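A, B, ... follow the sequence lines: proteins, then strands. Residue 1 opens every chain. Everything numeric in this text was worked out from a predicted model, so none of it was measured.
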Number of protein chains: 2
Amino acid sequence: MKDQPWWYGRLKESGARLTEPREIVLEILRSAREHLTATDIYIQAHRMKPSIGLTTVYRTLELLIKLGIVQKFELGEGKARFELVDKPGGEGHHHLVCLKCRKIIDYSDISNDEKEFLSRVEDRLKKKYDFKILDHLMWFYGVCRECRGS
Amino acid sequence: MKDQPWWYGRLKESGARLTEPREIVLEILRSAREHLTATDIYIQAHRMKPSIGLTTVYRTLELLIKLGIVQKFELGEGKARFELVDKPGGEGHHHLVCLKCRKIIDYSDISNDEKEFLSRVEDRLKKKYDFKILDHLMWFYGVCRECRGS
DNA sequence: ACTCAAATGACAATGATTTTCATTTTTAAT
DNA sequence: ATTAAAAATGAAAATCATTGTCATTTGAGT
Ligand SMILES: [Mn+2]
Ligand SMILES: [Mn+2]
Ligand SMILES: [Zn+2]
Ligand SMILES: [Zn+2]
């Protein structure tokens, strides 16, 4: 009884039901290798169970975001993208965005270096702005190898 | 002949004309203390010159973004916000977002510490992903003093 | 089986952003 | 100063992601 994904408990505690549409959305997110839009998810979900509506996809994502299970970001494309949050206590990951082709790479080799640095920054912010930092995001922008030519 | 703002040359080089609507949008951004939406800018612009249309505001922002003079971000509000990019070679700044009230604080006391750290990370990313990093963004999320109660 | 809140899906509504197109403004050349 | 071509503009319509409405279905607990 220990092969539940990490977010299972969080969903249960919240009182929300783990319905089939929700399971399907979660499964799609789990197996996704890219950062999906709501419509991407809807299309895949619809294949698995044609009765699912786009509205439900949106509502499910909203719920999962509120529970801290899913993360949403917008890159100026006019639509949001979603991904499963990394398991708490794990490393976390950041993103590299190619400014030419808009490709996104997940970057997860967080060094100790980085962890120490971030906790120092968070201390500083706490003192200076009296802000309690809960999370952070780092995005790196550049040009990928393909877009620079060989 | 040296009191032109830093972006003046960039605009000229690009061949774009510095028209009155563009000057107005730039002046609004320069004097803004918050991160404005396109409509915010339009309302202010309209006060200064009622003939200006919202479409032109959008087109101007698009141009300025392409030239690297303006930065756009979206925080899940369903609309984008804009700000003038920091003068190149300057310190740059990051953002603190309060998850409760959505207030945004500009954080610009970048330490040497941080500069060194980031250049190390960029080296690492360059080696590992063959990505040429041009820029980065850091966002910190937390809860501000007011929203935690005194 | 029964109850009732929670969840769902079809559809309409909203609202930010983009497109279209006719008109005006700017620039460079005559 | 005229003129011609290109760039910029504004009003209005179109697009499209996201949200709201409401009638219906589902599920956990009795
Ligand atoms: Mn990711
Ligand atoms: Mn800022
Ligand atoms: Zn690329
Ligand atoms: Zn707050």
Side-chain angles (χ1 to χ4, degrees), chain A residues 8-28 35-67 69-83 102, chain B residues 8 10-29 35-67 69-83 102:
Chain A
Y8 185 82
R10 218 178 260 199
L11 199 60
K12 278 311 170 71
E13 284 168 34
S14 80
R17 298 172 186 167
L18 185 46
T19 59
E20 198 183 355
R22 288 174 182 171
E23 277 188 304
I24 289 176
V25 167
L26 279 162
E27 174 55 22
I28 290 169
H35 303 83
L36 304 173
T37 65
T39 304
D40 292 339
I41 295 169
Y42 167 68
I43 290 171
Q44 290 193 43
H46 188 266
R47 267 193 230 116
M48 302 189 214
K49 187 168 194 286
S51 73
I52 287 181
L54 178 55
T55 309
T56 297
V57 171
Y58 273 108
R59 273 189 300 230
T60 300
L61 290 169
E62 185 186 21
L63 170 71
L64 297 176
I65 290 167
K66 195 173 52 187
L67 297 180
I69 295 171
V70 162
Q71 209 171 347
K72 169 182 180 177
F73 28 74
E74 298 174 64
L75 297 178
E77 302 170 289
K79 54 193 161 189
R81 291 184 176 273
F82 303 86
E83 75 176 353
R102 290 279 148 187
Chain B
Y8 185 83
R10 219 179 259 200
L11 199 61
K12 278 312 170 70
E13 283 167 35
S14 80
R17 300 169 184 168
L18 184 47
T19 59
E20 198 183 353
R22 288 175 182 171
E23 277 189 304
I24 288 176
V25 168
L26 279 162
E27 173 55 22
I28 289 169
L29 287 169
H35 303 84
L36 304 174
T37 65
T39 304
D40 292 339
I41 295 169
Y42 167 67
I43 290 171
Q44 289 193 44
H46 189 267
R47 267 191 228 118
M48 301 189 214
K49 187 166 192 286
S51 74
I52 289 181
L54 178 57
T55 309
T56 297
V57 171
Y58 273 108
R59 275 190 299 230
T60 300
L61 290 170
E62 186 187 21
L63 170 70
L64 297 175
I65 290 167
K66 195 174 51 189
L67 297 179
I69 295 171
V70 162
Q71 210 170 346
K72 168 182 180 178
F73 28 73
E74 298 174 64
L75 297 178
E77 304 170 289
K79 53 194 160 185
R81 293 185 176 270
F82 304 86
E83 74 176 352
R102 290 280 148 187

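- In this structure, A:Leu11 places its CG atom 15 Å from C1' of D:dA28, rounding to the nearest Å.
- Atom CZ of A:Arg22 is separated from atom C1' of D:dT26 by 12 Å (rounded to the nearest Å).
- Between the NZ atom of B:Lys72 and the C1' atom of C:dT18 there is a distance of 11 Å, rounded to whole Å.
- Regarding B:Lys66, its NZ atom lies at a distance of 12 Å from the C1' atom of D:dA7, rounded to whole Å.
- Taking only side-chain nitrogens and oxygens, A:Thr56 comes nearer than 4.0 Å to OP1 or OP2 of C:dG9.
- D:dT18 atom P lies 13 Å from atom CG of A:Leu36, rounded to whole Å.
- Nearest to the side-chain atoms of B:Thr55 among the listed nucleotides C:dT18, C:dT17, D:dT9 stands C:dT18.
- With hydrogens and angles ignored, no donor-acceptor pair closer than 3.5 Å exists between the side chain of A:Arg59 and the base of D:dG20.
- Whole-Å rounding puts the B:Leu61 CG to C:dA16 P distance at 15 Å.
- Heavy-atom contacts from other residues, nucleotides or ligands closer than 6.0 Å to NZ of B:Lys49 number more than 12.
- Taking only side-chain nitrogens and oxygens, A:Arg17 never comes nearer than 4.0 Å to OP1 or OP2 of D:dT26.
- Residues A:Ala80 and B:Ser51 both approach DNA chain D. Their nearest nucleotides, taken by heavy-atom distance, put B:Ser51 toward the 5′ side.
- Here B:Thr19 reaches the OP1 or OP2 of D:dT9: one of its side-chain N or O atoms lies under 4.0 Å away.
- OP1 or OP2 of D:dT18 has at least one side-chain nitrogen or oxygen of A:Tyr58 nearer than 4.0 Å.
- Here D:dC16 presents its C1' atom at 11 Å from CG of A:Leu54, a figure rounded to the nearest Å.
- Taking atom CG on B:Leu75 and atom P on D:dT18, their separation rounds to 15 Å, with Å as the unit.
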